[in-house]
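Index from 1, following the sequence. We use all heavy atoms of the structure for the numbers below, so side chains are in, but hydrogens, waters and symmetry mates are not. Whatever order the structure lists them in is the order used to number ligands and atoms, beginning at 1.
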Amino acid sequence: MSRAKMIKQAKRVVIKIGSSILAKPGQALSHKALAGIAREVSFSEKGGKDTVIVSSGAIAAGMNALKFKLKPKKMPELQACAAVGQPILMQLYQKALDKSGLRGAQVLLDRLDLENEERRQYARNTLLELIKRRVIPIINENDAVFVEEIRVGDNDNLAAMVACLIDADLLILLTDQDGFYTADPQRCEGAQRIELVHKIDGPMLSQASGTLNPGSTGGMLTKLAAAKMATSASIPTIIADGQDKAILKKIYAGETIGTLFLP
Ligand code: GLU
């Protein structure tokens with residue numbers, strides 16, 4: 001099946017928004033960035049796609065509000081940042097969605113919600129009900145009370161787990177880089193973007209690096225792990241540039257943008 005056809009046929013889409021798109025290191029969440037995302041989400045919804053957001057940014061917003069320059073290492077401090085930042089994040093999302101007449105819903109999950117069969121069912125039912133009512137689920141990990149052992153730890157993997165949970169047809173990981181490269185483009189000049197990936201193998205995983213941004217979590221390593229999880233469950237995955245204000249329009253039009261990982 002062609003790329004364009006596969007994307008056109010995708011009815012249910014999970015979109016992960018990374019912290020780096022929402023805030024510059026050490027700064028407050030950007031209203032402008034959120035407004036841009038809300039416009040794209042509205043375009044996606046109005047185009048008939050069930051659109052589910054997995055958004056980072058709570059810790060970044062909390063760090064700014066509580067004046068932490070670097071990501072705190074102590075768990076209670078990190079969790080306090082998440083507790084302060086999550087309502088800020090949701091408030092800004094709703095304000096941005098209001099302009100398109102859309103309603104968002106906060107859903108905070110942890111690993112057990114996604115692994116325990118009974119809890120999985122509850123989480124799934126809630127998300128499907130929101131989708132049915134054309135409310136946009138805005139999902140994050142329940143960072144304020146996480147227990148290290150049962151934490152997913154990054155929203156790339158959380159987004160892949162959510163995509164599997166609700167039988168999504170497409171997973172889009174939006175970040176500050178326009179795809180997966182042959183080497184880290186921030187450190188290596190000749191690095192080239194890979195357009196299409198048939199299989200995520202060992203050499204590819206060793207090419208991927210973590211993030212340099214103090215407000216962010218995963219980097220390419222967790223994105224590849226997420227793409228592996230989703231594609232193994234037959235869900236095509238795209239890593240693309242969330243700073244491009246028309247990114248979903250371009251993806252939905254079938255443009256060869258970002259990196260597409262085939263199921
Ligand atoms: N849940 C974290 C937050 O909201 C982000 C985790 C991640 O970016 O992967 O800040």
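In terms of polar-atom proximity, Ser56 is counted as a contact of ligand 1, with an N or O under 3.5 Å from an N or O of the ligand. Residue Ile59 places at least one N or O, backbone or side chain, under 3.5 Å from an N or O of ligand 1. An N or O contact shorter than 3.5 Å is missing between Gly153 and ligand 1 by distance.
Looking at Ser42, its side chain never comes within 3.5 Å of a backbone N or O of Ala38 through a donor-acceptor pair. Using modelled atom types, no side-chain atom of Ser44 and backbone atom of Glu40 make a donor-acceptor pair closer than 3.5 Å.
Contact between Gly18 and ligand 1 is absent, with no heavy atom of the residue lying under 4.0 Å from the ligand.
Counting only heavy atoms from C-beta outward, the side chains of Gln106 and Ile138 never approach each other to under 4.5 Å. Within the 4.5 Å cutoff, side-chain heavy atoms of Leu130 are placed close to those of Val107.
With ligand atoms numbered from 1 in the order given, ligand 1 contributes 3 (C), 4 (O), 10 (O) to contacts under 4.0 Å with heavy atoms of Gly57. Taking every non-hydrogen atom of Asp154 and a distance limit under 4.0 Å, the qualifying atoms of ligand 1 come out as 9 (O).
No hydrogens or angles considered: a donor-acceptor pair under 3.5 Å links the side chains of Asp98 and Gln94.
Only the side chain of Asn140 comes within 4.0 Å of ligand 1, counting heavy atoms alone; its backbone N, CA, C and O stay farther away. Only the side chain of Asp143 comes within 4.0 Å of ligand 1, judged by heavy-atom distances.
When Asp241, Thr256, Asp244 are each tested for a side-chain hydrogen bond (donor to acceptor under 3.5 Å, both in side chains) with Lys250, only one passes: Asp244.
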